[in-house]
Amino acid sequence: LGTANVSYSKNGALEGVRTANLDLRIKALNVASQSVVDGATIQVAGAGFNEGAALDNAIVHAEPQLASFARTALGGN
């Protein structure tokens with residue numbers, strides 16, 4: 001479960017480059033007890049020549065943190 005917020009900015013040093021700032025607030029739910037067992041906030045940035053590319057790069061940067069959260073929340077290594 002979670003929410004995502006994204007904001008965009010222009011990079012003043014690199015003309016034409018956009019930055020996507022992605023803020024993910026996620027929770028792990030124990031389905032049997034229907035209770036929240038863990039939560040995290042993940043904040044990442046990605047760059048690209050348009051907003052879509054910048055967001056795609058931010059998502060790629062978030063994937064390892066999301067995987068780590070899932071392993072921890074599920075009790076794995």
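Computed over heavy atoms, backbone and side chain alike; hydrogens, waters and symmetry mates excluded.
- The two residues Leu29 and Gln34 have their closest heavy-atom pair at CD1-C, 3.6 Å.
- Looking at every heavy atom in both residues, Phe69 comes nearest to Ala40 through CD1-CB, 3.7 Å.
- When all heavy atoms of Val44 and Ala62 are compared, the closest pair comes out as CG2-CB, 3.8 Å.
- Within 6.0 Å of OH on Tyr8 lie more than 12 heavy atoms contributed by other residues, nucleotides or ligands.
- Partner of Leu24 under the side chain to side chain contact (heavy atoms under 4.5 Å, CB included) criterion, out of Thr41, Val6, Leu66: Leu66 alone.
- Distance check, rounded to the nearest 0.5 Å: NZ of Lys10 to CD of Glu51 gives 9.5 Å.
- The heavy-atom pair separating Ala73 from Ala28 by the smallest distance is CB-CB, 3.5 Å.
- Atom NZ of Lys27 sits about 8.5 Å away from atom OG1 of Thr3, to the nearest 0.5 Å.
- To the nearest 0.5 Å, atoms CD (Glu63) and CD1 (Ile42) are separated by 11.0 Å.
- Residue Gln65 comes nearest to His61 through the heavy atom pair NE2-O, 3.9 Å, listed as atom of the first residue, atom of the second, then distance.
- Going from atom OG1 of Thr19 over to atom CG of Leu55 covers 12.0 Å, rounded to the nearest 0.5 Å.
- Pairing each heavy atom of Ala53 with each of Gly48, the nearest pair is CB-CA, 4.1 Å.
- A donor-acceptor distance shorter than 3.5 angstrom exists from the side chain of Asn57 to the backbone of Ala47, with no hydrogens or angles considered.
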